[in-house]
Amino acid sequence: MPCGRISNACAREDPVHFTPESEYGPYWSITKFNDIVKVDTNHHVFSSDYKFGGIGIQGGTQQNFDPLPMFIAMDPPKHDIQRKAVSPAVAPAALAEMAPQIRERAAGILDALPIGEEFDWVDLVSKELTAMTLATLFDAPQEDRRKITYWSDVVTAIPMPGGLVETLEQKMEIFTEYNAYFTELWNRKVNAPPHADMISM
């Protein structure tokens with residue numbers, strides 16, 4: 001059975017699976033919890049640092065530019081320092097406070113789904129609820145929520161013809177766009193009273 005997509009059978013029969021060919025090149029799939037934890041906590045062997053390939057599936061390729069710093073593409077101790085700064089925004093108490101709002105939004109999204117016709121669950125449900133929540137965590141306007149998920153996708157996109165971004169130059173243009181957006185959010189908050197959003201933290 002091919003394990004390009006994660007399944008229970010893959011986890012049972014081929015928990016560490018090598019895919020020699022894909023549109024992204026060869027890659028490994030790790031499908032069992034304990035193995036995932038082992039990989040995720042051994043940054044000396046399995047680095048997330050962009051200098052060693054970063055978090056994209058094309059890991060191992062050399063970058064010919066320095067991307068904007070982001071803690072998801074750092075290893076400890078720098079990663080831990082960055083993560084600690086924003087952890088209170090997603091701590092259990094903060095999430096419990098957000099839970100009624102998230103439930104209300106989820107219900108609204110589900111109630112608005114078309115009946116009796118096909119639709120894209122990822123776009124209308126998964127991405128929409130994620131985008132709403134991210135905008136709340138950043139204290140950004142809800143009308144900008146899809147920009148945030150788009151920029152997040154661009155960060156890990158591999159430039160290729162027909163892809164989300166086609167060239168490195170296009171990717172860097174979009175980097176500049178979202179850097180300007182978040183710099184403006186930052187400047188708005190830097191002298192404002194403390195607030196429980198990620199940028200303020």
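Keep in mind that the numbers below use all heavy atoms, side chains included, and drop hydrogens, waters and symmetry copies. Everything numeric in this text was worked out from a predicted model, so none of it was measured.
- Summarising the geometry of Ala196 relative to Ala89, their closest heavy-atom pair is O-CB, 4.3 Å, with the distance given to 0.1 Å.
- The shortest distance between side-chain heavy atoms of Leu124 and Pro114 falls below 4.5 Å.
- Using a 4.5 Å cut-off on side-chain heavy atoms (C-beta onward), Leu113 and Phe119 make contact.
- Between Phe18 and Tyr27, the distance from one ring center to the other does not fall under 6.0 angstrom.
- Between Phe175 and Trp151, the gap from one ring centroid to the other reaches at least 6.0 Å.
- Atom OH of Tyr150 is separated from atom CD1 of Ile174 by 3.5 Å, given to the nearest 0.5 angstrom.
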Start with the C-alpha gap between Asp40 and Phe46, add the side-chain angles, then the distance that decides, and say whether side-chain contact (heavy atoms from CB on, under 4.5 Å) holds.
-> CA-CA 7 Å; Asp40 195 45; Phe46 303 101; over 6 Å; no
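- A donor-acceptor contact shorter than 3.5 Å is absent between the side chain of Arg105 and the backbone of Ile102.
- For Asp14 against Thr31, the heavy-atom pair with the smallest separation is O-OG1, 4.2 Å.
- Environment of CD in Glu104: sparse, with no more than 12 heavy atoms of neighbouring residues, nucleotides or ligands closer than 6.0 Å.
- With a 6.0 Å radius and a threshold of 12 heavy atoms from other residues, nucleotides or ligands, Gln101 has its CD atom above the threshold.
- Between Ala157 and Pro159, the closest heavy-atom pair is O-CD, 3.5 Å.
- Heavy-atom contacts from other residues, nucleotides or ligands closer than 6.0 Å to CZ of Arg188 number more than 12.
- Using the six-membered ring where Trp is involved, Phe182 and Tyr178 have ring planes that are perpendicular, over 60° apart on the 30 and 60° scheme.
- Val45 and Val39 fall within the same hydrophobic cluster, where Ile, Leu, Val, Met, Phe, Trp and Tyr residues are linked whenever their side-chain heavy atoms come under 4.5 Å apart, directly or through other members.
- Between atom OG of residue Ser29 and atom CG of residue Asp35 there is a gap of 12.0 Å, rounded to the nearest 0.5 Å.
- Taking 4.0 Å as the cut-off between side-chain N and carboxylate O, Glu128 and Arg146 count as a salt-bridged pair.
- In this structure the side chain of Leu134 reaches within 4.5 angstrom of the side chain of Thr149, judged on heavy atoms.
- Looking at Thr176 and Asn179, their side chains never bring a donor and an acceptor atom within 3.5 Å of each other.
- Two residues are said to be in side-chain contact when any heavy atoms from C-beta on lie closer than 4.5 Å; Thr136 and Met98 meet this criterion.
- In plain terms, the two heavy atoms of Ile148 and Ala135 that are nearest each other are CD1-CA, 4.0 Å.
- No donor-acceptor pair closer than 3.5 Å links the side chain of Thr19 to the backbone N or O of Glu21.
- A salt bridge links Lys189 to Asp139: at least one charged side-chain nitrogen sits closer than 4.0 Å to a carboxylate oxygen.
- A donor-acceptor pair is defined here as one N or O able to donate and one able to accept, closer than 3.5 Å; such a pair exists between the side chain of Gln170 and the backbone of Glu166.
- Looking at heavy atoms from C-beta onward, Thr183 lies in side-chain contact with Asn187 at the 4.5 angstrom threshold.
- Under 4.0 Å is where a charged nitrogen must lie from a carboxylate oxygen, and between Asp153 and Lys127 at least one such pair does.
- Under the 3.5 Å distance criterion, the side-chain polar atoms of Ser48 are left unmatched by any main-chain donor or acceptor of Ala73.
- Salt bridge status for Asp144 with Lys147: present, with a side-chain N to carboxylate O gap under 4.0 Å.
- Looking at Thr41, its side chain does come within 3.5 Å of a backbone N or O of Val37 through a donor-acceptor pair.
- We find the NE2-CE distance between His43 and Met74 to be 13.5 Å, quoted to the nearest 0.5 Å.
- A 4.5 Å side-chain heavy-atom check between Ile109 and Met132 finds at least one atom pair inside the cut-off.
- Across all their heavy atoms, Leu95 and Val90 have their closest contact at CD1-O, 3.3 Å.
- One distance of note links CZ of Phe138 with CD1 of Ile199; it measures 6.0 Å at 0.5 Å rounding.
- Taken from OG1 in Thr130 to CZ in Arg145, the straight-line distance is 12.0 Å, to the nearest 0.5 Å.
- Following chains of ILVMFWY side-chain contacts shorter than 4.5 Å, one can reach Leu137 starting from Val190, so the two form part of one hydrophobic cluster.
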